[in-house]
Amino acid sequence: MMQADTDPQALKQTGPRRSVGDLLRSGWVFWGGLFVVTWALSTYAFDIYKLLDARWIVRFPAAWQPDFEGAISGFMDWLLEDASLFGIQFREMTRAVAAMIEAPYDVVIGVLVEGLVIGQGRDAVQLLPPLSWVAVVVSVVALGHYTKSWALATLTGACFIYLAIFGQWESAMVTLSSVLIAVPLAAGGGLLLGIGAYRVRWIDLAMRPILDLMQTVPVFAYLVPILFMFGFGPVSALVATVIYAMPPMIRVTIVALRGVPEELAELGRMVGCTPRQQMWKVLVPSAKPTIMVGVNQVIMLSLNMVIIASMIGAGGLGYDVLTALRRLDIGGGIEAGIAIVVLAIALDRLSQEYATRTVTRIAAQSQGGFLRRHRWSLSILAVIALTYLGGIIWPWIQSYPASAEISTSAFWTRAMEYINVTYFDTLDAIKTVILQWFMLPVRKFFTGIPWAWGLIAVTLIGLRVGGWRLGLLVFCLAGLIILAGLWTPAMMTVYLCGVSVAIASTIGIPLGIFAAGNPTSNRVVGAFIDTLQTLPSFVYLIPVVMLFRVGDFSAMIAIVAYALAPAVRYAAHGIRNIDPQIVEAGIVSGCTQGQLMRRIKLPMIVPELLLGLNQTIMLALSMLVITALVGTRDLGQDVYIALTKADTGQGIVVGLAVAFIAIIADRILAASAHRMRRRLGMEQ
Amino acid sequence: MTQSSILLECRDLWKIYGHAPETFLKAHGGAPRAEDLRAAQMIGAVQAANVQIARGEIFVIMGLSGSGKSTLVRCLSRLIQPTAGELIFDGEEILGKTDKQLIEIRRKRMGMVFQHFALLPHLTVLQNAAFPLEVQGMDRATREARAREVIELVGLKGRENYYPAQLSGGQQQRVGIARSLAVEPDLWFLDEPFSALDPLIRREMQDEFLRLQGMLKKTIVFITHDFDEAIRLADRIAVMHDGRIVQIATPEELVLNPADDYVAEFTRYIPRAKVLTLGAIMRPGAAAEDAAGELSVRDRIETVADRIERADGPFNLRDDAGALIGHVRRQEVIDVLVGRSIGA
């Protein structure tokens with residue numbers, strides 16, 4: 001035993017080439033050393049500053065900061081006041097865009113919420129009432145059945161009936177209208193841009209960094225310039241939603257087109273397709289199943305953003321939640337939150353099942369004559385006509401009677417009060433312990449790191465895991481954050497994000513391993529995770545604030561809940577993808593269950609876990625910004641403040657800082673995962 | 001072969017992958033050696049290929065994976081632009097053709113069957129078969145009528161409204177064949193059409209293919225990695241190895257006179273009786289007097305072995321012109337059947 005321990009040591013010392021470089025290349029020395037130095041500097045930086053009377057050590061001197069924010073604000077002012085292209089003022093262009101979005105939005109709102117109206121204000125005459133709730137419910141039921149089965153039809157129908165009975169109908173329809181406008185724009189635009197990138201190399205090259213950035217810039221950050229350009233209102237919200245939901249569609253389109261088997265592309269050329277025929281008759285239809293997955297994502301992201309965009313004027317359920325949060329109206333918040341969840345589940349199930357419809361189903365539906373093929377659309381039209389006529393006689397058909405609505409608000413308020421009164425001590429104790437013993441020390445560690453050493457440390461990490469290119473990239477990004485004077489809030493962000501990600505991983509990875517164990521656990525955990533991921537991020541804030549009030553701890557819980565899914569998914573995926581022969585080899589060698597896990601499975605899934613960690617960090621950062629609403633003190637809060645002040649410069653600079661943190665984390669983790677996969681021989 | 005009997009010909013065709021292949025090829029006088037390619041880290045997928053394909057013949061390109069056969073067929077159909085060389089289709093050089101001209105040639109004169117079928121998943125059997133015609137802008141009634149004809153030809157009548165995912169592999173490839181025949185092509189490319197199928201189905205599809213060819217008499221370029229399949233179907237076989245065509249010959253010539261060890265290795269375990277004709281084992285000269293019967297020199301041993309073995313005397317052999325040119329005895333046939341060395 002002794003020998004085994006000392007042997008490598010001895011070998012090292014007597015080895016022929018043992019230099020400082022070799023020592024640094026050894027993992028333990030590098031990471032251990034880095035941690036010790038960082039810890040020491042973090043703890044004693046303040047004392048050093050006092051001793052040397054050098055304030056620059058702890059605070060980046062304001063005199064060295066270029067005025068990024070002013071420059072950007074100035075540019076935006078110029079853009080809006082003076083800029084013009086081909087003689088058209090920029091302001092006019094934004095107005096044209098706004099008008100193009102507003103027109104269809106008004107129609108949809110008219111159909112679903114307000115009724116079709118001619119004329120303005122007092123002279124307005126209602127031509128048609130909005131679609132009756134009965135007609136909408138029948139439509140979604142029909143859609144559910146058309147897509148998959150009566151089970152799906154029942155689910156979607158129940159969701160919409162819930163909205164009617166519990167008094168959320170009008171808000172939900174406003175939200176749905178925004179989604180209905182945003183989805184075709186984002187999906188169609190994403191498809192076209194994706195096709196462009198697939199066909200033209202320079203579009204691809206130009207778009208890639210933009211997509212990377214878009215994925216990491218927190219949503220609030222681009223709400224600010226949009227607010228500045230389009231003003232407060234539903235149009236701004238729609239623009240933001242389309243911009244937010246489009247990047248994944250572009251990515252999915254590119255991946256889907258590239259994934260079309262080479263043979264199919266060759267077939268198109270062999271039968272003499274023109275480039276246009278090749279794209280629209282061969283490639284796009286063949287890639288459709290994957291593209292539909294992208295559409296599902298667009299729908300869910302649109303819903304998420306429409307809720308968030310209530311801050312810049314989207315009405316509907318998001319606005320209800322926002323006002324409830326501001327008033328600390330517990331019942332109202334939960335009520336609207338549940339309505340969002342219900343709507344999200346209905347939209348997600350419908351679009352997901354539609355994307356994965358089986359061939360036999362499509363085949364069955366395309367048989368028969370006109371009446372048979374269109375029986376569902378025809379019956380929906382009939383129901384719409386009938387409910388319109390019926391609504392004139394019996395008003396309850398037109399709109400769900402207020403007297404029959406059930407409000408759960410009071411119930412929720414009482415329930416929350418009960419929990420808070422009964423379990424206050426317990427909850428408070430949990431909160432205090434975690435804060436005292438975990439979160440605060442970590443916060444002290446991160447916020448104590450002097451900026452100069454922080455810059456050196458991340459650069460060293462970059463150099464080590466990804467070579468000089470990554471080192472340089474990391475150095476520049478971190479340097480820009482420091483130059484903008486955002487080091488301290490950036491470290492607050494890293495702390496909150498780090499703590500949340502650590503907890504999410506501690507919960508998520510074992511859960512994922514458990515889920516991969518057998519089909520039942522897989523189904524249960526899968527359903528749980530699916531639901532978590534469907535929910536718009538806003539919803540997570542509601543119960544957290546109710547139970548733990550505002551502060552870092554609440555933010556942490558919301559972030560953990562939101563960012564849990566990828567940790568679970570990737571762990572489960574990793575375990576399931578281990579070559580069964582390797583596990584069998586372990587069993588044949590006589591491993592116990594524990595040994596199988598520790599010695600074989602865990603080491604094999606580490607690269608997968610790193611990718612999951614990467615995703616977890618991205619989700620955590622995006623949620624972090626939203627938790628600014630519950631009073632954090634990091635970059636997210638700065639963005640939120642910029643939004644409320646409509647300060648474009650600050651919004652963009654701080655938003656980019658968050659994006660930079662995300663990019664640094666992403667690149668470092670991706671490089672480590674890559675290294676590890678190579679070591680395990682999973683990748684060239 | 002006369003000039004007019006050749007439908008497709010390539011001369012000194014090269015396809016090189018790597019950095020700036022044209023410059024590289026020029027620098028080596030148009031004929032780099034294997035060492036040159038290796039030194040420059042280039043991959044010579046197809047090297048100096050010369051092929052002449054006659055009208056109405058089944059020309060099989062045979063090689064293992066990585067031998068360059070797929071690249072060669074893609075060069076011949078111009079799915080890939082060759083690095084250098086000439087490609088003459090029906091007397092016309094087509095390497096210089098514009099995309100537009102190529103589209104026209106492909107729409108009317110070429111058909112291709114793919115290894116993994118390449119059926120469009122969102123179209124029914126009927127729509128898939130009609131797809132090449134749809135692309136040409138043919139009206140729906142005409143193209144579907146034509147598609148029904150080819151579907152019936154490949155024996156899928158009654159399944160016109162199925163989707164590819166509802167068919168078995170063999171059926172899917174029948175659709176692929178039907179589709180490639182819909183435009184009545186002059187030149188028919190088949191890229192390992194039966195490799196993805198189970199052995200039994202493969203056999204069945206080969207018979208089906210021979211039946212179709214018996215009716216249609218197309219000019220065929222058939223790719224395979226299966227030597228059994230090659231000798232079963234081919235009029236002539238081109239054997240490829242490391243990007244070069246090592247030998248072009250009839251199956252019988254390949255077995256009798258392999259150009260090098262590589263080809264010899266391939267042909268070693270091939271049952272001779274399947275490939276050789278009586279001409280290859282006959283004793284030339286005068287007719288035998290105690291002959292039990294007469295046969296043609298063109299007969300494959302496999303098909304007449306039973307008769308020769310059962311008869312007591314030798315068989316006289318006639319060539320195509322009808323002249324008696326030799327005879328064959330039971331012993332020679334048995335030698336072939338049990339695999340003793342022959343000929344020499």
Side-chain angles (χ1 to χ4, degrees), chain A residues 147-148 191 195 199-201 253 255-295 353-370 372-373 684, chain B residues 70 73-74 76-81 99-137 159-167 176 179-180 182-183 185 187-189 191-193 196:
Chain A
T147 303
K148 181 127 186 274
L191 182 69
I195 288 174
R199 276 175 62 161
V200 187
R201 200 175 145 67
T253 303
V255 169
L257 289 176
R258 296 224 169 103
V260 172
E262 181 61 29
E263 269 193 352
L264 279 172
E266 286 179 344
L267 160 81
R269 291 166 59 201
M270 270 319 281
V271 301
C273 283
T274 59
R276 182 183 295 254
Q277 287 175 324
Q278 174 84 344
M279 182 53 69
W280 294 103
K281 282 183 183 284
V282 179
L283 296 178
V284 170
S286 306
K288 198 177 145 205
T290 318
I291 291 179
M292 287 308 292
V293 174
V295 173
E353 297 295 352
Y354 189 85
T356 54
R357 279 193 314 161
T358 56
V359 175
T360 25
R361 188 150 186 92
I362 298 170
Q365 278 165 353
S366 53
Q367 309 287 329
F370 181 82
R372 186 168 163 69
R373 270 183 286 133
Q684 256 267 294
Chain B
S70 284
V73 79
R74 277 164 180 71
L76 294 181
S77 58
R78 254 207 69 177
L79 280 172
I80 297 178
Q81 179 73 16
D99 285 348
K100 218 170 185 171
Q101 290 168 316
L102 262 184
I103 284 178
E104 204 42 41
I105 292 176
R106 285 177 175 150
R107 283 186 174 180
K108 297 284 157 61
R109 308 200 57 190
M110 289 181 179
M112 187 156 177
V113 179
F114 295 87
Q115 181 175 5
H116 301 289
F117 325 136
L119 299 181
L120 293 166
H122 61 291
L123 300 183
T124 61
V125 167
L126 184 68
Q127 290 164 333
N128 260 299
F131 184 69
L133 306 172
E134 182 192 345
V135 165
Q136 296 176 16
R159 299 191 192 257
E160 287 86 351
N161 289 325
Y162 282 50
Y163 281 86
Q166 297 171 296
L167 299 177
R179 177 178 61 191
S180 68
V183 295
L187 183 55
W188 198 16
F189 293 103
D191 178 21
E192 302 210 33

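Interface check for chain B: of the options A:T274, A:V260, A:L264, the most heavy-atom pairs under 4.5 Å are formed by A:L264. Options B:D191, B:L119, B:I103 differ in how many heavy-atom pairs under 4.5 Å they form with chain A, and the most are formed by B:I103. Each of B:M112, B:R74, B:M110, B:K108 has some count of heavy-atom pairs under 4.5 Å with chain A, and the biggest count is that of B:R74.
For A:Q277, the part lying under 4.5 angstrom from a heavy atom of chain B is the side chain only. In this structure, the portions of A:P285 lying under 4.5 Å from any heavy atom of chain B include both its backbone and its side chain. Residue B:Q115 touches chain A through both its backbone and its side chain, counting heavy-atom pairs closer than 4.5 Å. Both the backbone and the side chain of B:H116 come within contact range of chain A, each with at least one heavy atom under 4.5 Å from a heavy atom of that chain. Using a 4.5 Å cut-off between heavy atoms, B:F131 contacts chain A through its side chain alone, with no backbone atom that close. Contact annotation for B:R78: only backbone heavy atoms (N, CA, C, O) come within less than 4.5 Å of a heavy atom of chain A.
Inter-residue side-chain proximity for B:L120 and A:L267 is flagged as met; some heavy-atom pair is nearer than 4.5 Å.
Rounded to the nearest 0.5 Å, atoms CZ (B:R107) and SG (A:C273) are 7.5 Å apart. Summarising the geometry, atom CD belonging to A:E262 is positioned 11.5 Å from atom OG belonging to B:S70; distances are rounded to the nearest 0.5 Å.
Minimum interatomic distance between B:F117 and A:E263 (heavy atoms only, all atoms of both residues): N-OE1, 3.7 Å.
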